[in-house]
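The block underneath contains the structure these notes are about, expressed in structure tokens.
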Amino acid sequence: MAVVLVGSLALGIGVDAVAATEPVSRTEAPALARPVVQQSRDSYNREIRVHNQTGWTMTYFYAASSGTDGWGDDLLGSATLSPGDSVVVTVDDGSGACRYDFWAEFDNGESLRRSGINVCQIADYYFTR
């Protein structure tokens, strides 16, 4: 399994909790242990760069296979995503699904949900208001 690093932040979708090696605040970009992830066994790359173009600081980011009920783990871990910044995440729950729903929460209490994003066909996703 490949580890996706952005700066000193490792991100991925998984079922186990993300464990930090040291105590950190949500505004720092810590080195995180990546959870064990069951990856799909096809040739699709499900790594995408999420761009925050909302003007608000993203505090949580979730992805779930379209049509499922659970959101899984926060893909930002203990980090945040400032306006204008981006981060690479792996959106793969092992189901083989390509279409995912995204849910982002922001520091001002706003949240945005997007549905049916085909992560097998895109390399970048731009969160806008």
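Quick note: numbers below take in every heavy atom, side chains included, and nothing from hydrogens, waters or symmetry partners. When a residue number appears, it is its place in the shown sequence, counting from 1.
The OH atom of Y60 lies 10.5 Å from the OG1 atom of T80; values are rounded to the nearest 0.5 Å. Here the straight-line distance linking atom CG of L81 with atom CG of L75 works out to 11.5 Å at 0.5 Å rounding. Note that the CD atom of Q53 and the CE atom of M58 stand 10.5 Å from one another [nearest 0.5 Å]. Interatomic distance, OG of S82 versus CG of N52, reported as 8.0 Å (0.5 Å rounding).
With contacts defined as side-chain heavy-atom distances shorter than 4.5 Å, the pair L112/W103 does not qualify.
Considering every non-hydrogen atom in both T57 and P83, the closest pair reads OG1-CD, 3.6 Å. Pairing each heavy atom of R46 with each of G96, the nearest pair is NH2-O, 3.2 Å. In terms of heavy-atom proximity, A97 sits nearest to S65 at CB-OG, 3.8 Å. Annotation for H51 and S86: closest pair ND1-CB, 3.5 Å, computed over non-hydrogen atoms. The heavy-atom pair separating I48 from I122 by the smallest distance is CG2-O, 3.5 Å. The minimum heavy-atom distance between T59 and D74, with the atom names listed, is O-OD2, 3.8 Å.
Residues Y62 and D73 have side chains that never bring a donor and an acceptor to within less than 3.5 angstrom of each other.
Remark: R129 pairs with no residue by the salt bridge (Lys or Arg N to Asp or Glu O under 4.0 Å) rule, at least two apart or across chains.
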Task: Stepwise side chain to side chain donor-acceptor pair (under 3.5 Å) test for D93 and Y100 - done: CA-CA 10 Å; D93 63 5; Y100 281 79; 3.0 Å; yes

TODO: Dump the intermediate steps for side chain to side chain donor-acceptor pair (under 3.5 Å) on T90 and D92, then the final yes or no.
DONE: CA-CA 6 Å; T90 300; D92 190 350; over 6 Å; no

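Ring geometry for W56 against F106 counts as perpendicular: the plane angle is over 60°, on a 0 to 90° scale with 30° as the lower cut.
For F102 and F61, the distance between ring centers is under 6.0 angstrom.
Ion pairing between D101 and R114 fails under the 4.0 Å rule for side-chain N and carboxylate O.
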